[in-house]
Amino acid sequence: MSNLNYKHLRYFWMVARSGSIARAAEQLHLTPQSISGQLSEFADTLGVELFRRVGRRLELTETGASVLRHADDIFSAGDALLDVIRDQASTPSTFRVGVSDSVSKAVACRLVAPALALERPTRLICREGRLAALLADMAVHRLDLIIADRAMPSHLSVRGYNHLLGESELGVFAASALAPALSGPFPACLNRAPLLLPGEDFAVRARLMQWLHAHVPRLHVVGEFDDSAMIKAFGQSGKGLFFAPAALARTICAQYDVVLLGTIPALREQVYAITTERRISHPATQAIRQAARETLSA
């Protein structure tokens, strides 16, 4: 087989996406006969059948569907390349960040904010969601960087690199109105106290549960949450104690009107940047890394 003819691949992709040769010809400003001939030549070069005719419609074969999926990736990467070129040629540039639900919003804000203060004006696009969904977006170049509380799982087929930004001891917080009702010093005050726990998607969850079972004889869990902001909102309302990075204690206490009961040195919440770059070179990523050193070492 000779080298892949990308012009033919584009014609195939347009026909498969538009659903007919006639519609593809209109979009490409070519004649249907020209498109049909190019498709036949492309199929002959590959040595496979890409379409089957069902009545008056064209339907992808199993091989054709596989080729289409690869074509989607190829042209998505091409579009991403054009986006990069346009971003570099225009002002402001665009930097797209994904933030995992399990990362403290206070931490994420502290880390990402310096990207808006670069010498070259930058338009920040921030997306929030579960790590798996964010990694899928990064794989098709919809994100430049992901901030997460864990490294990218090694079994995924996504090309990405983990950069540990920093870590913080875990702190235990209570609403100002709830704290006086707790009895005993920390961590004894957690016994029978209402607890708001992070959900299964939090990297620290398993280690936190081990620590609680070892130090709190009578656990009283009143809620579990998949979103860090939701945990703090319930904690602020006095519904229970919650866990968050101690490095941000001053900010968390001021923002949510809570007090820090104590810290758990044995439990450290980590923050990672996941990028498609082996080495961090983007100015916005470098600014985020510097902010992490300052924020998470506080």
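One is the number of the first residue; the rest follow in order along the sequence.
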Same apolar cluster: Met152 and Val140, side chain cutoff 4.5 Å: no

Measure centre to centre between the rings of Phe51 and Phe12, then say whether the value is under 6.0 Å. yes

Would you call His282 and Asp144 a side-chain contact if the rule is heavy atoms closer than 4.5 Å? no

Where is the tightest heavy-atom contact between Ser104 and Ser228, given as atom of each residue plus distance? CA-OG, 3.6 Å

Please give me the minimum heavy-atom distance between Val259 and Ala179, naming the atom from each residue. CG2-CB, 3.6 Å

Can you confirm whether Tyr161 is buried at OH, in the sense that more than 12 heavy atoms of other residues, nucleotides or ligands lie under 6.0 Å from that atom? yes

Would you please say whether a donor-acceptor pair under 3.5 Å links the side chains of Gln286 and Gln290? no

Do the non-hydrogen side-chain atoms of Pro265 and Thr263 ever get within less than 4.5 Å of each other? yes

Would you call Arg17 and Asp72 a side-chain contact if the rule is heavy atoms closer than 4.5 Å? yes

Between Cys253 and Phe173, is any pair of side-chain heavy atoms under 4.5 Å apart? yes

Which distance, rounded to the nearest 0.5 Å, do you find between the CD1 of Ile35 and the CD of Gln27? 10.0 Å

Relative to Tyr272, does Arg150 satisfy both conditions: NZ or CZ under 6.0 angstrom from the six-membered ring centre, and within 45 degrees of the ring's axis? no

Report whether Leu190 and Leu219 are members of the same hydrophobic cluster (ILVMFWY, side-chain heavy atoms less than 4.5 Å apart, transitive linking). yes

Do the side chains of Leu164 and Met138 join up, straight or via other hydrophobic residues, at under 4.5 Å, putting them in one cluster? no

Roughly how far, to the nearest 0.5 Å, is CG of Leu116 from CZ of Phe95? 10.5 Å

Does Tyr11 belong to the same Ile/Leu/Val/Met/Phe/Trp/Tyr cluster as Leu46, with side-chain heavy atoms less than 4.5 Å apart forming each link? yes

Going by the angle between their ring planes, with limits at 30° and 60°, are Phe186 and Trp211 parallel, tilted or perpendicular? parallel

Which distance, rounded to the nearest 0.5 Å, do you find between the CZ of Phe202 and the CZ of Phe243? 12.0 Å

Interatomic distance, NZ@Lys232 vs CG@Leu196, rounded to 0.5 Å, equals 11.0 Å

Atom of Arg218, atom of Asn191 and distance for their closest heavy-atom approach: N-OD1, 2.7 Å

Minimum side-chain heavy-atom gap Arg10-Met14 below 4.5 Å: yes

Correct closest heavy-atom pair for His163 and Thr275 would be NE2-OG1, 3.1 Å

Just do the side-chain contact (heavy atoms from CB on, under 4.5 Å) check on Phe234 and Val222 with the steps written out, would you? CA-CA 11 Å; Phe234 271 78; Val222 297; over 6 Å; no

Of Val97, Val99, Leu131, Val103, which meets side chain to side chain contact (heavy atoms under 4.5 Å, CB included) against Ile146? Leu131

Could you tell me whether Arg96 and Asp137 have a side-chain N and a carboxylate O separated by less than 4.0 Å? no

Can Asp73 and Ser76 be said to form a side-chain contact (heavy atoms from CB on, under 4.5 Å), step by step? CA-CA 5 Å; Asp73 292 340; Ser76 176; 5.6 Å; no

Spacing of Leu145 atom CG and Leu134 atom CG [to the nearest 0.5 Å]: 10.5 Å

To the nearest 0.5 Å, tell me how far Glu59 CD sits from Leu50 CG. 13.5 Å

Starting from the C-alpha separation in whole Å, work towards a yes-or-no answer on side-chain contact (heavy atoms from CB on, under 4.5 Å) for Asp227 and Lys105. CA-CA 9 Å; Asp227 181 79; Lys105 302 306 176 285; 3.6 Å; yes

With a 3.5 Å distance limit and no angle check, can you tell me whether Ser40 reaches the backbone of Ser36 through a side-chain donor-acceptor pair? yes

Indicate yes or no: at least one non-hydrogen side-chain atom of Phe225 is less than 4.5 angstrom from one of Asp101. no

Would you indicate whether the side-chain heavy atoms of Val112 and Leu124 approach each other to under 4.5 Å? yes

Is there a path of hydrophobic side-chain contacts, each under 4.5 Å between heavy atoms of I/L/V/M/F/W/Y residues, joining Ile125 to Ile147? no

pair Pro198-Ile231: side-chain heavy atoms closer than 4.5 Å: yes

Are Ser102 and Ser100 linked by a side-chain donor-acceptor pair shorter than 3.5 Å? yes

Side chain of Arg23, backbone of Ser18: donor and acceptor closer than 3.5 Å? yes

Closest non-hydrogen atom pair between Leu165 and Arg289, with its separation: CD2-CA, 4.0 Å

Apply side-chain contact (heavy atoms from CB on, under 4.5 Å) to residues Leu208 and Leu267 and explain how you reach the verdict. CA-CA 7 Å; Leu208 174 59; Leu267 297 180; 3.8 Å; yes

For the student: nearest non-hydrogen atoms of Leu60 and Leu68, plus distance: CD1-CD2, 3.6 Å

Keeping to residues at least two apart or across chains, list the salt bridge (Lys or Arg N to Asp or Glu O under 4.0 Å) pairs with something in residues 195-209. Glu200-Arg205, Arg205-Glu224

Short side-chain to backbone donor-acceptor contact, Thr45 and Glu41, under 3.5 Å: yes

Does the Thr61 side chain pair with the main chain of Glu49, one donor and one acceptor, at a distance under 3.5 Å? yes

